[in-house]
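Input: a single structure, listed below in structure tokens.
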Amino acid sequence: MKLLECGHVAVAGSLRTCEHLLAEESPDFYRVLTGSGVRYDVVCEECVGKPLLTVCEGCADRAGDGGENLGWKGTPEIRHEDRFVAGTVRAESWDVRPLNERCLAPLPHGWLALTESGLVDQAGFVCEAELEVDQAEPHQRRKPLLALHTSADGRYAAVCVDNGSRAVVLDLSTKAVVLEVDRGTYRSEWTPYPLAFLPGDRVVAATAWSVLDVFALPSGERLTEREAKGTGAFHGRLTPSPGGRWLLDDRWVWSPEGQVRAIDLETWHADGGEPIGTCLAQRAYAWDQPVAWVSDDLVAVQRIGEDDEAMLDGVQLFELPGGRRQGVFAGPAGPMWGHKGLLYVCGADGLEVWDPLSGTRIGLVPGFRPTAHRGGTFVSLNDGVLDSFSVD
């Protein structure tokens, strides 16, 4: 150890700062990227571009306390080591028109689309799926849209009003509606409808703005018998882990703060209480961000930072249980899926392949921008053609 510029004999911290941010009442500050990954220094506006101090871990942790984070300056290091992405490309004629990009979903051996006439698979018309879309208010930034979900075994489909209040679940084997849920209209325009299929013929869905319930299928029996007090959170998009133990809830709470929480389904089932979960990330005004499971206990959450107006494109990795952040890297931005330990991102230039352990983009399928995924096969459906890319 040596005497550092903060005046302490200690281990150097992970960032540098200026003398003004070491004061008891510090000014506002920027995070200035160093160009090495997403490493940064914290600097007041007066000292941007000036020599900085190497300080101890304690001073580095406290630098800027009391000041406001004004955002980022500089450019992160985005690592590209692209190589050939081995896979099978196919183009099939399928003359259907999904209502929007959220209305194409996987089946075990094909795909299901929600169209103006109802649900259609690649063999033809399946059944009607009528659901009234909420009336958008003039001030709404997020307009209600229909969205389609399917169970892993392909027996059930759910049609939801994202940024709306209602959803229905259909048994595709009988063509019957087996469950109808309604979370009410209170702030429902802010999030996609919270619904996800779980292993064992179960579905979890919002039954009020702050209440999630689990139902058995096809009976529709409510399995979460309790007094519904709610969590005080506005539940959002739900994403189950591959093994079915964890459920990601991309929710928000006042004021508003976006929270990505991991709910332990085993614990929830055992204690019958409210699904509070482990908070992985909390960001002001930032929710409904792309997420993906890298493995059964490692999850990727897009965007880096604590405020929607001061965030970087990139990914944070969190390990469960516990929720400890295991890594962070810049670059990915767009719809994202996990497959065999890699992340696949629908980016501006095509389907990107990222190695989350090294934080490096290792491949690109140029020009291909999928909207749905099943077991390593990615698809888009446009102008009557189903384009697919299957990873070798």
Side-chain angles (χ1 to χ4, degrees), residues 13-15 30-42 60-61 64 69 71-80 191-192 233 236-242 245-253 256-264 277-347 352-362:
S14 61
L15 56 79
Y30 288 98
R31 289 177 172 173
V32 180
L33 292 155
T34 66
S36 174
V38 291
R39 294 186 63 180
Y40 61 87
D41 300 321
V42 291
D61 290 342
N69 177 8
W72 300 88
K73 284 185 176 292
T75 303
E77 177 190 17
I78 300 177
R79 298 167 183 153
H80 287 184
T191 62
R237 188 184 305 279
L238 303 178
T239 309
S241 63
R245 175 178 175 181
W246 301 100
L247 180 70
L248 285 186
D249 180 6
D250 195 353
R251 61 177 67 172
W252 68 273
V253 298
E257 297 274 341
Q259 292 183 350
V260 180
R261 284 187 172 265
I263 299 166
D264 186 334
T278 300
C279 186
L280 306 182
Q282 180 162 324
R283 296 89 71 88
Y285 288 90
W287 60 89
D288 196 22
Q289 310 296 310
V291 300
W293 288 94
V294 178
S295 65
D296 280 329
D297 54 11
L298 187 65
V299 65
V301 178
Q302 277 194 22
R303 303 188 78 195
I304 305 163
E306 293 84 35
D307 189 300
D308 185 50
E309 295 183 351
M311 300 184 80
L312 294 175
D313 288 338
V315 158
Q316 301 181 78
L317 298 171
F318 299 93
E319 188 177 44
L320 293 167
R324 179 183 177 187
R325 193 172 83 168
Q326 292 291 83
V328 57
F329 58 95
M336 180 171 65
W337 303 270
H339 177 65
K340 292 187 175 180
L342 299 177
L343 291 172
Y344 292 80
V345 180
C346 183
E352 303 173 346
V353 187
W354 290 81
D355 178 355
L357 299 185
S358 66
T360 304
R361 195 180 84 176
I362 59 173

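In this structure, the side chain of Trp293 engages the main chain of Thr239 through a donor-acceptor pair within 3.5 Å. Using modelled atom types, one side-chain atom of Glu77 and one backbone atom of Gly37 make a donor-acceptor pair closer than 3.5 Å. A distance-only check finds a donor-acceptor pair linking the side chain of Ser241 to the backbone of Trp246 [under 3.5 Å]. Checked by atom type and distance alone, the side chain of Asp249 pairs as donor or acceptor with a backbone atom of Gly236 at under 3.5 Å.
Atom-to-atom distance recorded for Trp354:CH2 and His80:NE2 is 4.5 Å, nearest 0.5 angstrom. In this structure, CG in Asp250 is found 10.0 Å from CD in Gln259, a value given to the nearest 0.5 Å. With values rounded to the nearest 0.5 angstrom, Leu312 atom CG is found 9.0 Å from Arg31 atom CZ. How far OG1 of Thr191 is from CH2 of Trp287: 9.0 Å, rounded to the nearest 0.5 Å. Distance check, rounded to the nearest 0.5 Å: CD1 of Ile78 to OG1 of Thr360 gives 11.5 Å. Note: Arg79 CZ to Asp355 CG = 11.0 Å, rounded to the nearest 0.5 Å.
Contact annotation: the side chain of Leu320 approaches that of Leu280 to within less than 4.5 Å [non-hydrogen atoms, C-beta and beyond]. Taking the side chain as every heavy atom from C-beta outward, Arg39 and Leu15 never approach each other to under 4.5 Å. Looking only at side-chain heavy atoms (C-beta outward), Val38 and Ile304 come within less than 4.5 Å of each other.
For residues 280-299, the salt bridge (Lys or Arg N to Asp or Glu O under 4.0 Å) pairs, not counting sequence neighbours, are Arg237-Asp288.
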Under 3.5 Å, which donor-acceptor pairs do the side chains of residues 322-345 form with other protein atoms, sequence neighbours left out?
unit_1: Arg325; atom_1: NH1; unit_2: Gln316; atom_2: OE1; d: 2.9
unit_1: Gln326; atom_1: NE2; unit_2: Glu319; atom_2: OE1; d: 3.2

